[in-house]
Structure formats: C-alpha cells, structure tokens
**Q** 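This structure is in structure tokens; I'll ask about it shortly.
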Amino acid sequence: MSASEHESTAAAATATTGTSTETPPASGPSEPTGRGTGSVLDRYFEITRRGSTWGREVRGGLVTFVTMAYIVILNPLILGGFSADQAAVDVAGNWLPNGQVAAVTALTAGVMTILFGVIARLPFGFAAGLGINSFLAVSVVGQVTWPEAMGLVVINGLIIVLLASTGLREMIFTAVPRQLKIAITVGIGLFIAFIGLVDSGFVRSSGVASPPVQLGESGSVATLPTAVFVVGLLVIGVLVARKVKGAIFIGIVGTTVLAVILEAIFKVGPSLGINPDGWNLNAPVLPTSIVSLPDLSLVGDVSFGAFERIGVLAAVMLVFTLVFTNFFDAMGTMTGLSSEAGVADKDGNFPRLKSALIVEGVGAVVGGAASASSNTVFVESGAGIGEGARTGFANIVTGLLFLAAMFFTPLTQIVPLEVAAAALVIVGAMMVSQIRFIDFSDFSIVLPVFLTIIVMPLSYSIANGIGAGFISWVIVRSLSGKAREISPLLWVVAVGFLVFFVRGPVEVLFGV
C-alpha cells in the first residue's frame, strides 16, 4: 500500500484541493456506531475516515449517474442505429441495433462501476468511452466486422490488464512529475468545461475555418435549451458559492423541472442534427412508457478474425491506437478525479492505485465482450465528487442506477444534456482551481504544463494533452540541464507518444 492510504496524508491532500462544495466534518450525523453491518461497511469503504457520510455518498452517486446517463442514449447513436441507412455499417454490411447497444451500454456501465467501487473503493463511474467508440465506428468497422472490432477492444483490454498486473502501468503513473499531474487535473477541468459548453450549445462550430467556434447560434445565445443551461449554471454556481449541501444535485433537479415545463409549453423538440434550436440529445419530456425489457443479444458476440481479414500489421496498429488512447485517457482522468476527491497524496498518487488500474483494463475487456465498446472511467464522475462523494460506496449507487436503466431506459431521457452540461462546467471550474499549485517561476515547467492543459480541450482528447506534455517535458527539461531529474520511463513513454502522434505516416510507410 502507498503512503497515500494513511489517514493523515489523505486528510492533508483533502485540505490542499479546496474544491469540494462543502467542508466535510470529522464525523457526520450518519456515522454508524456499534459493531453492526453499517460499521463494517463504513470501515471497508472508509466513509468516516475520508470525512464523508452515507448521505453524501448516496447523493454523489445519484449526481454521477445523472451526469453520465446520457451515454445510454449517445453510445447507441454512435455504434448503432435504428436502420442500416443511418448506422455505422461494417465491412460485411452488418450494423448494431440501437436498442441492443443501449441495453449492453447500461449493463456494462453498471457492472464496471460497481466492480470499481468495491475493489478500488473510489467514486469513479465507468461507462463506454466516447473517444474509442467513435474511433470504432468511424475508422475501424470500415475494415473489419463489428464482432472483429470488439475483439480488438478485448485484446486492448487484456494488454492493459497485463501492464497493470505487472506493475508497469503503476510505475508509469508514479513516474509522472507532480507538476504534470497537476496540469493534467487542470487540463481535464478545462476539457470537461468545454464539453459542457459544447453540449449545451453555448459554444458551437462556426462552420468556417476562422473562427472555428462561436458563441451560440450565429454568435448569439438565442435558443431555449441554451438558456436553460445558463440558468442551471448560475443556479448551481450560486448554490456552490453559498456552500449549500447538495448544491449540484439540487441544481440539476430544479433545472430539469424547469426544462420539462418549458418543453411542454414551447414544444422545442430534439435537434436530431437538423434543428439548431432544439435540445442537443433528448427533449425533456415525461415518457409515455416507463419499463422496457433489455435485449442482451450482443453479449459475447466477439471475434478475433481481424488479424486474418486485414493482416497482422494493420490489426496491430489498430490495437496500438486503442491501447494508447485507453491507457492515457484513463490515467489522466484518474489523476484529476483523485485530486478533486482529496484522496491523492502530495505526488498525485492515490490509494489502491494498482487495483484501480487493473480494474480499468478489465473495463475494456468487459465492454468489448458485450459489444458496448471499451468501458473506462468517466470525467463526469467529478460532478458526484463535487457533490460530496469520496468513496466507492457512491459507485454502488451509480452502478445500481445503470443496471436499473436497462429496464427504465425511457426515464434516462428526462434530464436533457444541457442540464448535465451545467454541472460539468461547474466541476471544470473546481478542477481548474488546482492551477494555483503549479510553479510558474520556471519556464521549463511552464511550457510543458501549458501544452498539457491547452491541448486537451483544443484537441478534444485527454491522451493528446498528456502526450504533448510528456514530450515537451523531456525535451525542454533535458536541454535545460535537468535531464537527470527525468525518469527513464518518461523518456520511453514520450517516444511512444511520438510514434502515436505520427502513426498516420507510419501506417502509410508500411502500407497499412
């Protein structure tokens, strides 16, 4: 066990973050007493030890689910469809039905979130990662079948599990300098805030080369959904500033009620990619039906025939891309969330690090095996952490809600993406506050830190930001006379990122 698991270190780390919405008392009113089951659970999840309460964990788990629930709707739209003409069709002409993808998306998210909460005991929710699912739908299934694509995801997960089990993944994690870990936290804060601003329609593509993005529609915030986002952002912001318990949860519920009322009056409807004034993903309406039986036919529909279909080298390059994206996206997200939760030590490491990294790799295996795409830790978990979640018990709540979502899929569509986006911007602001711990007096630190922070939101990728930071860190620091301070592992990873960034020309060179 690392030193970060000791109570004094955890308490000190919590004190330095300054990002929670309320100051946790030494023991809350819900603190269990005696030697009953509650006391055992409290000790196992370290609820009292981390300054939390049962109420905060439940509330945090609810908020995490609310901010992540969109994945049950969005993942099927990316991987599948309602018909072949609007779905990602593989090389054999097959496509994944929307309802089946939704069912396995909720199933794997529930299973992996609970598993991570029980083993790693941290409040990090799991679900199908948006980067990898898009990569599969756009770049992979044009070359292989869907079962073969998911087989590559499984192989990617097995490699990550192997790296984590041997301790190599943990060694890389601990080799990252503290200043870069802080930069990763800040970068993720900007990244999820940018996600929130885009999801809400507050920031949109301009459709021209310059400027690439603009404020609202045609430079004006004039749509009802975006106005709801602004209201939600201000309401949650005021509640957080006034240290109201349950600020994020109260804001989400209140703004959702407002959205439902406004939709009932004005009938805005979803955008569906053609209505710029509509709700980004789902309109906030009360469902006509509540219960639906899940179709889990995709579970186990996996093949490892990609190596034969496209050749070993081409398949290896696809796996390489999956591993790098999965590996470093998760590492960066865990770094940011552990700091936000106050469980990281002074070097940015957190309790049960090795177990957490292994389970994260298992998420890729489980997601691929169920055809839901690789499951990984979600940055949206920061919303639950901002609400007070500090332990894996919050994951139990989130995971059970995802499992219930398999049967109550219509209910997950009530909260519009614009409302969840407001919570993400708030959490992003909390995480960016970590920038005060960065040493800006040394430019050999400033440049790598700046690139780490700025590349994440601008390239829409955590892994890209980490790569830019690693490469610039080893080059700038070494040529500034500080080469001895750089871990050899960091050099190896930096070289790996160079290959990752130029994989396009490499593939062309080798005829992949």
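In this text the structure is predicted, and so the values were computed from the model without any measurement.
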**Q** Is there any ring pair (Phe, Tyr, Trp, His ring centres under 6.0 Å) pair reaching into residues 360-388, and which pairs are they, with sequence neighbours excluded?
**A** none

**Q** Test of understanding: with side chain to side chain contact (heavy atoms under 4.5 Å, CB included), list the residues that count as partners of Leu458, not counting sequence neighbours.
**A** Ile454

**Q** Between Arg178 and Asp439, does any side-chain N to carboxylate O distance fall below 4.0 Å?
**A** no

**Q** Examine distances only and state if a side-chain atom of Thr67 and a backbone atom of Ala420 form a donor-acceptor pair shorter than 3.5 Å.
**A** no

**Q** Without placing hydrogens or testing angles, list every side-chain donor-acceptor pair under 3.5 Å for residues 205-214, not counting sequence neighbours.
**A**
residue: Ser205; atom: OG; partner: Gly207; partner atom: N; Å: 3.3
residue: Ser206; atom: OG; partner: Val208; partner atom: N; Å: 3.4
residue: Ser206; atom: OG; partner: Val208; partner atom: O; Å: 3.4
residue: Ser206; atom: OG; partner: Pro211; partner atom: O; Å: 2.2
residue: Ser206; atom: OG; partner: Pro212; partner atom: O; Å: 3.2

**Q** Could you tell me which non-hydrogen atom of Thr391 sits nearest to which non-hydrogen atom of Glu46, and how far apart they are?
**A** CG2-O, 3.8 Å

**Q** Output all residues satisfying ring pair (Phe, Tyr, Trp, His ring centres under 6.0 Å) with Phe470, sequence neighbours left out; order by chain, then residue number.
**A** Phe497

**Q** Taking only distance into account, with no hydrogens and no angle test, what donor-acceptor pairs under 3.5 Å do side-chain atoms of residues 152-163 form with protein atoms, sequence neighbours excluded?
**A**
residue: Asn156; atom: OD1; partner: Val323; partner atom: N; Å: 3.4
residue: Asn156; atom: ND2; partner: Val153; partner atom: O; Å: 3.3
residue: Asn156; atom: ND2; partner: Asn326; partner atom: OD1; Å: 3.1

**Q** Could I get the full list of side chain to side chain donor-acceptor pair (under 3.5 Å) partners for Thr325, not counting sequence neighbours?
**A** none

**Q** Can you see which heavy atom on Gly196 is nearest to which on Ala421, and at what distance?
**A** O-CB, 3.2 Å

**Q** Which residues pass the ring pair (Phe, Tyr, Trp, His ring centres under 6.0 Å) test with Phe500, not counting sequence neighbours?
**A** Phe324

**Q** Partners of Thr335 by side chain to side chain donor-acceptor pair (under 3.5 Å), sequence neighbours excluded?
**A** none

**Q** What is the minimum heavy-atom distance between Arg309 and Thr145, and which atoms define it?
**A** NH2-CG2, 3.4 Å

**Q** Who are the ring pair (Phe, Tyr, Trp, His ring centres under 6.0 Å) partners of Phe173, not counting sequence neighbours?
**A** Phe350

**Q** Restricting to ring pair (Phe, Tyr, Trp, His ring centres under 6.0 Å), what partner residues turn up for Phe202, sequence neighbours left out?
**A** Phe229

**Q** Among residues at least two apart in sequence or on other chains, which ones pass side chain to side chain donor-acceptor pair (under 3.5 Å) with Asn375?
**A** Thr108

**Q** Answer yes or no: are there more than 12 heavy-atom neighbours, outside Glu217 itself, under 6.0 Å from its atom CD?
**A** yes

**Q** For the residue pair Met331 and Val176, establish whether any side-chain heavy-atom pair is separated by less than 4.5 Å.
**A** yes

**Q** Do Met112 and Val359 have side chains that approach each other closer than 4.5 Å (heavy atoms only, starting at C-beta)?
**A** yes

**Q** Please name the pair of heavy atoms, one in Ile453 and one in Ile438, separated by the smallest distance, quoted to 0.1 Å.
**A** CD1-CD1, 4.2 Å

**Q** Compare all side-chain heavy atoms of Val299 with those of Leu107 and state whether any distance is below 4.5 angstrom.
**A** yes

**Q** Taking all atoms of both residues into account, what is the closest heavy-atom pair of Gln434 and Thr185, and its distance?
**A** CG-CG2, 3.7 Å

**Q** Below 3.5 Å, can you tabulate the donor-acceptor pairs from side chains in residues 132-140 to any protein atom, sequence neighbours excluded?
**A**
residue: Asn133; atom: ND2; partner: Asn75; partner atom: OD1; Å: 2.8
residue: Ser134; atom: OG; partner: Leu130; partner atom: O; Å: 3.0

**Q** Quick one: closest heavy-atom pair of Phe194 and Val203, and the distance?
**A** CE1-CG1, 4.0 Å

